[in-house]
Every structure is written in structure tokens, then in C-alpha cells.
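Step one of this worksheet: look at the structure below.
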Amino acid sequence: MSAEKSFYLTTPIYYVNDAPHIGHAYTTVAGDVLTRWHRQRGESVWFLTGTDEHGEKVMNTAAANNASPQDWCDRLVEESWKPNWQALNIANDDFIRTTEPRHEERVQKFMTLLKDNGYIYAGKFEGPYCIGCEEFKLPGDLDEGKCKLHGKPVEMLSEDNWFFKLSAFVPQLLAHYKSKPEACEPASARNEVIAFLESGVRDLSISRSTFDWGIPVPWDTKQVIYVWFDALLNYATAVGLGDDPDSAGGKKFTETWPADVHLVGKDILRFHAVIWPAMLMAANVAVPKKVFAHGWLLVGGEKMSKSKLTGISPSEITDHFGVDAFRYYFLRAIPFGTDGSFSWEDMSARYTSELANDFGNLASRLIAMIEKYCEGVIPERADGDGLAPALKATVLAADKAMVALDFQGGITSIMEFCKRVNGYVTEREPWAIAKDAARTAELNEVLYNTADAIRALAVLLHPVMPATTQTLWESIGAESTLGKIGEQKISEVSNWGVLPAGCKVTKGAVLFPRLE
RNA sequence: GGCGGGAUAGCUCAGCUUGGUAGAGCAAACGGCUCAUAAUCGUUGUGUCGCCGGUUCAAAUCCGGCUUCCGCUACCA
């Protein structure tokens, strides 16, 4: 038997020409949180992200900057994209670029296979062409038959292209989505895909001859492969698509494919839910288990965009609130799959209320009391009082939600437990008990229970806020007794009494300082 | 135009399938407490439930019409 099948998650590969903004970060953080959660469930995990580097726009921008397309891409990847993900604490296992040989070679091999299988044929791409723009226009670019930019009538031109028999896969795709609702989520996205498939699908032109920044069609090197056809394949080429089963790449492919989740923004749903699985079907490769389309981040009620000056870079937010608050906020505030409004006011309100006042302050009051009443040492184990069963229920609910990509539900469950622990401390009033020397056992019980609950909270929130929970982990003395926080298992986190007595507590800087 | 989704407290939203005096969190006001990051605990107010009409003893909830916002209606990525 082969090795355990990994939980394989991908983000889209981002168009290298764009500057990373919070929309890109939203998708990637969601993927990071989900894969960290699965790792803590003890699963083998593979998390891929990367960049999409071919196409006319990149070629033109590079030229405008007096660089070759390859040099231009190298620069953007190294100076912009990779540092951006490092800054956000993204723990991807691989980063694929569509200009890498491993990708280009496997794409060409795949193309050849599809042609051999009879799904690629020569045809003519016909469409409205604007001489002024020197490009084919989309229906939305036209105003009564005239180019919106130039106001001139367009001409119908045709170009010899290679076509993919997309239409041949409509019945299979419909059967797939109708029999497997989980293959495309949320339901609204699935309904759109089904409606689209039922409305009639034409074959797809998958090569271009008007520019040359792309992967050459293996048997017709005057043409390059259409960027989307190239880009979608990254999910499979990155893990060894088409390699000999006994080779390293082939083994990797067996371990990872099919992908468990492709995370996408809803604007690129169709490419992932229609074209991509059809390509795989044409090659007799398994289709992904799930395509999940999340919503857009709205600013002032509108989709964020650079042209409207509403594009926000992650650093604008992390400079003020910190990386962990950034990661927490978007997943906590917005149901994954629907659009969500971002505002500085809402982010500030949640930061103060949920992170500083609820979570950070709970840690702060516990540590202060351990130092004051227990000489900085965790007292002997206690049975958890009502907190133990509450924690069990929390972990069950949180795990169920997170695995279903309901980040809001999962985080909410955890934060409700946090409130519950705060309430426990308030009810038991350890500061009052401490005044009576005869009640030391009771005092120790309350403080131990609080400390062990915080131990669980740190583990549960670690996928969402890796840095802050690491700090907390160390400050309750867990690192040196229980080991690394990232290796604590979700399945064991609700066991009670895990934090050993005698742990040395150290007071550090507050986790979430109050902001102006 | 067609199909789909939304319009409910100052803000973000739940409730609508299975009609019965309108809910949560945050924000606001007042009081308590002190272990804590002026933290926290308790109490309190707030709404012609987009508009018009219908069914009903009773409608945010069902039906019809309307206004308005948004998404999809194939090859920019």
C-alpha cells in the first residue's frame, strides 16, 4: 500500500502582476488556518500556493519596465509575493510558479495526452476585434457593437487556435455536481455552476498566437497555451502529475491527488468548477473533492478595487493591529462563502472586545494571580469543575465547524468557551478566597482549572493566531513540559488536567495591547 | 431581459421552511467589584421588521404587486 493520503489544499495561484492585497491574503490565510487545523488533527497535510506568471499583461508590464518577462516575474515573486506570505505567517509546504520547468514540462505532457485522447482539435476562434486595442473584446466591453474605449466599430476576426472539447463533458459534470453536493460549496456557488452547465457550454479555445509569453503548444510552437489552461494545471503539476508511478513525483501524486479543497474567490469559480474538472476527466485523472468559493471583501459596500482606491495591502492593517489580529478578524467576522464588509471601525471594535478584553485579559488576570498567590507556579491538578464538560462540547463543535470550512462558527465556539472561563473566574472570586488562609486548597483548585482551560484555548486558537498563542504557551510554562504547541492534538485537547502542576509561569508583555 | 440572493435596533447580522405581543453581539446609559489590558459583572433603553395590497382571530414570517442593491447570464486574469 502507498503512504497515507494527505489532506491536500490549494489556494489560487495569484497573478504575479498584481500587488498583494487583503483579498489575496483572505484566501491564503483561510487555507493556512484550515491546513494548520488539519495538521493538529494529526493528519498528513500538503498546502500549496504560488503565482501565475504567463500572459499578455505580464509581458507588457515587463516591457514597460525594461525587463524580460522572466526577470520581471522573478523580481515580483522574490520582493513582493513570498515576503508577503512570510509576514502573514503562512506555512505553505510548496510554492509553485508557472514558469518553473517542473510545471511547463508536465503541462506539455498533459496537453499531448489530451490530444492523443482526442479532446483537442484545430479550429477558428472568432470574435469581435478592436483594431485600436489590438485585441479581441468581450461582450461586456462593447457598447452597441462599438469598443467602449475607442468608440469605433469592431470587426469580426478569426484566429486559428487549438480547441478543447469542453462540451463533451457537460453530462459528466452535471452528474458529478448533482450527486455530490459537497463537490462545490457553498450551495449558491453550486447552483450557479449547475445553471451554467445546463444553459449550454461551448468548446474552449486553449491556445493563442498573437503573443509569445506562455508555454508553447508542444506540436505547434507558434502558439502558446491559453493562460487559464496553463494555470489550472498547477494544482496537479506541483505534485507530480503524469510522472511514472515509481518515481518521486509519481509517489507524491499518489499521496496527494485528488486535492481535498481548492479555495477560490467566487469570481474564478467557473474556471475551477467547470473547465478544470473537465480537463481532468479528459485525461482520466480524478477530479478534486471540493471547490469552495468564498465571498469578496467589500469596502464601503463595494468590491475592493485598486481603481477606486479601496485596495488595501495587508501591511496597512498588520502594522496597526498585528498579524494575528489580521488572521483572526476576517475569518471570525465574515461567514466564509458570503461577501463581508471590512471597516476599520469594526476591526477595532472586535480587536478590543474579543482579543484584548476577552482573550488577552483572561491570560493576564490568570498569570497575575498565579504570581501573586502561588509564587508563579501552577498548583496541583483539579478536576475542572464545570469547565471540563464545556471544553468537551467546545472542541466537538469547533472541530466540526472548522473541518466544514465554517471558520466563523469554529472560532465563535472557541471564543464562547473563553467567555465561559472568564465567567468562571468571576464567579469563584479567587481574590476573595485568597484573603482566607484556610481556603488555600479551594484557591488552588480555581487557579488550576483556569490555567488548564487557558492551555486548551491556546491550542485551539493556535491555527488562527500562531504567534500569540505561542507566546501564551511559553508564559504558562507549557513549552518545556508539554512540548511544542503545534504538536498538540485536537483530539486530545479536551482531556482535562493536561497542564502539569509545577509549571513556572512568567509574565510577559500583554498579548493584545489596547490601541488608540 | 432571464435566473438567483438581499432589504430587520446606531453598527454587523439571526429569526422567515412548521404565522401567535421582535432577538444576539458590539456600541450607549446607570450601578457593583478589583485578580486583570480604565479590565470585568449586573441592570436598562432602542426598532411604522424596504413600500403597497391580500389571506387570517393573528404576518417580519404565507400570497400578489412595487422600489432598491447585488451576483450569474462563458474564453482579462
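All values reported here derive from a predicted model rather than from experimental measurement.
B:A29 sits 37 Å from B:U67 when the C1' atoms are compared, rounded to a whole Å. Taking atom C1' in both B:G15 and B:G54, one finds a spacing of 24 Å when rounded to whole Å.
Across all strands shown, A:Asp52 has heavy atoms under 4.0 Å from sugar-phosphate atoms exclusively, and none from any base. Within 4.0 Å of A:Arg514, counting heavy atoms only, lies at least one base atom of the nucleic acid. At the heavy-atom level, A:Gly360 lies under 4.0 Å from base atoms of the strands shown. Here A:Val201 lies in heavy-atom contact (under 4.0 Å) with a base.
Taking the charged nitrogens against the carboxylate oxygens, A:Glu182 and A:Arg190 have no contact shorter than 4.0 Å, which rules out a salt bridge. Taking a cutoff of 4.0 Å between a charged side-chain nitrogen and a carboxylate oxygen, A:Arg428 and A:Glu445 qualify as a salt bridge. Between A:Asp346 and A:Arg350, at least one side-chain nitrogen of the basic residue sits less than 4.0 Å from a carboxylate oxygen of the acidic one, meeting the salt-bridge criterion.
The phosphate of B:A77 has OP1 or OP2 within less than 4.0 Å of a side-chain N or O from A:Tyr226.
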Output one line per pair: protein atom, nucleotide atom from nucleotides 25-35 of chain B, and distance, for all N/O pairs under 3.5 Å.
{"from": "B:C35", "atom 1": "O2", "to": "A:Arg365", "atom 2": "NE", "distance (Å)": "3.1"}
{"from": "B:C35", "atom 1": "N3", "to": "A:Arg365", "atom 2": "NE", "distance (Å)": "3.4"}
{"from": "B:C35", "atom 1": "N3", "to": "A:Arg365", "atom 2": "NH2", "distance (Å)": "2.7"}
{"from": "B:C35", "atom 1": "N4", "to": "A:Arg365", "atom 2": "NH2", "distance (Å)": "3.2"}

Can you give me the dot-bracket string for RNA chain B, 5' to 3', counting Watson-Crick and G-U wobble pairs with both distances under 3.5 Å, using [ ] for crossing pairs and | for partners on another strand?
((((((((.[[[[.)....(..]]]].(((((.......))))).....[[[[[..)....]]]]])))))))....
